[in-house]
Amino acid sequence: SGGVYHERYHSLEDIYFWINQTSQEHSDMVKVILIGSSFEKRPLHVMKLSGRRGAVNRAMWMDCGIHAREWIAPAFCLWFVNYALRFYSHNSEITEMLNNMDIYILPVMNPDGYKYTWTTDRMWRKNRSVLKEGSECVGVDLNRNFDARWCTKGASNDPCDPTYCGQYPESEPEAQAVAKFLRSHKDTVKLYISIHSYSQMLLFPYSCSYDEAPNHNELLELTKEASTKIRRYYRNHYKYGPGAKTIYLAPGGSDDWAYNLGIKYSFTFELQDRGRYGFLLPPSFIPQACNEALLAVKITALHVIKNT
Ligand SMILES: NCCCCC[C@@H](C[SeH])C(=O)O
Ligand SMILES: [Zn+2]
Ligand SMILES: [Zn+2]
């Protein structure tokens with residue numbers, strides 16, 4: 001949506017202030033839920049968006065910022081919330097979404113890591129948890145810490161590696177908080193989306209193995225439709241397909257875990273770009289990257305409303 005607010009990235013403090021302000025300004029459509037805290041005790045705030053209507057028993061979940069350096073992801077979560085609130089009852093798709101499902105948004109799933117990229121190391125990926133005994137290395141890859149073929153090929157058990165899987169599944173407070181919330185809402189959450197960057201891909205289970213998901217064809221058709229429309233409307237190219245084959249083997253991922261929990265529409269979107277700027281996507285690219293991601297979110301969400 002408009003305004004220079006979205007032509008730039010926001011610090012963690014900025015984002016916490018924005019969550020608070022937005023929920024106060026739109027108290028009829030936004031509720032803030034504290035689902036847990038990070039290793040360094042920062043709050044994990046989920047924004048629950050609903051249309052102006054009675055309760056519904058369908059919901060979707062979208063998390064951003066699980067990987068600290070992927071700044072376009074939190075930028076998209078903020079942009080999406082502003083878009084939803086601004087265009088509800090004006091844009092037919094977002095109106096249909098909010099009238100038929102609650103939308104749970106976690107703008108920054110890894111606040112400690114995100115903060116660290118603003119203060120110390122722009123290229124940091126993991127959280128900032130410190131091992132009790134020994135290792136001088138810090139951090140767990142939260143997207144390898146979920147209980148889905150945990151720490152098999154495609155993850156590392158070396159605390160110094162960027163894909164370190166942690167000491168055991170859900171060892172990390174951030175992963176634990178998300179898993180706990182989704183387990184307690186598994187009867188209503190029908191769609192899971194995790195936002196990442198970069199490489200422009202629309203991915204679905206499985207990434208932890210080369211097995212095909214039972215509804216593989218349906219997920220393939222959905223991501224193909226989204227990719228085709230992004231190419232037609234925005235002249236940009238997104239690959240699509242099951243994670244293991246399309247990007248690489250990546251066990252312990254949040255999407256595979258959510259899928260196995262029973263959320264049969266589960267995706268990981270890798271946003272812009274394809275490597276020219278990579279994680280350092282310039283702020284001027286934020287609106288276009290967000291419009292492309294919005295298209296994919298709408299296509300999956302409207303399909304879920306029709307089919308669940
Ligand atoms: N859940 C694994 C989806 C495929 C890999 C996604 C990328 C995002 Se940076 C990764 O976690 O390495
Ligand atoms: Zn990522
Ligand atoms: Zn990535």
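Whatever order the structure lists ligands and atoms in, that order sets their numbers, starting from 1.
- Paired with D141 under the rule salt bridge (Lys or Arg N to Asp or Glu O under 4.0 Å), one option of K126, R125, R69 passes, and it is R125.
- Tracing side-chain contacts under 4.5 Å through hydrophobic residues (I, L, V, M, F, W, Y), one never reaches L12 starting from V138; they form parts of separate clusters.
- Among all non-hydrogen protein atoms, the one lying nearest atom 4 (C) of ligand 1 is S207 OG, 3.5 Å.
- Between the Zn ion (ligand 3) and Y198 there is no N/O/S contact shorter than 2.8 Å.
- Rounded to 10°, the angle formed at the Zn ion (ligand 2) by H196 ND1 and H67 ND1 is 100°.
- Near R125, the atoms of ligand 1 lying under 4.0 angstrom from a non-hydrogen atom of the residue are 9 (Se), 10 (C), 11 (O), 12 (O).
- Cation-pi geometry between K264 and Y259 is satisfied (NZ or CZ under 6.0 Å from the ring centre, within 45° of the ring normal).
- Inclusion of Y248 in the set of residues having an N or O under 3.5 Å from an N or O of ligand 1 is warranted.
- Atom numbering of ligand 1 starts at 1 in the shown order; those under 4.0 Å from a heavy atom of R144 are 10 (C), 11 (O), 12 (O).
- Counting protein heavy atoms only, atom 1 (N) of ligand 1 is closest to D255 OD1, 2.6 Å.
- The distance criterion of under 3.5 Å between nitrogen or oxygen atoms is met by N143 with respect to ligand 1.
- Taking a cutoff of 4.0 Å between a charged side-chain nitrogen and a carboxylate oxygen, E170 and R183 qualify as a salt bridge.
- Near G253, the atoms of ligand 1 lying under 4.0 angstrom from a non-hydrogen atom of the residue are 1 (N).
- When non-hydrogen atoms are compared, ligand 1 lies under 4.0 Å from neither the backbone nor the side chain of D141.
- Per-residue contacts place E270 under 4.0 angstrom from the following atoms of ligand 1 (heavy atoms of the residue considered): 7 (C), 8 (C), 9 (Se).
- Ring pair F267/F204 is perpendicular by interplanar angle, where above 60° counts as perpendicular and below 30° as parallel.
- Relative to the six-membered ring of W257, R149 misses at least one condition, a distance below 6.0 Å or an angle of at most 45° to the axis.
- Between the O atom of S197 and the OE2 atom of E270, the angle taken at the Zn ion (ligand 3) works out to 130° after rounding to 10°.
- Between the T95 side chain and the N91 main chain, a donor and an acceptor come within less than 3.5 Å of each other.
- In the hydrophobic cluster analysis, where Ile, Leu, Val, Met, Phe, Trp and Tyr join through side-chain heavy atoms closer than 4.5 angstrom, Y238 is grouped together with Y234.
- Close to ligand 1: I247, with a non-hydrogen atom less than 4.0 angstrom away.
- The ligand atoms of ligand 1 that sit less than 4.0 angstrom from a heavy atom of H196 are 8 (C), 9 (Se).
- D161 has no carboxylate O lying under 4.0 Å from a charged side-chain N of R144, or vice versa, which leaves the two without a salt bridge.
- Salt bridge R53/D102: present, at least one basic N to carboxylate O contact under 4.0 Å.
- The single protein non-hydrogen atom nearest to atom 9 (Se) of ligand 1 is E70 OE2, 3.2 Å, given as residue, atom name and distance.
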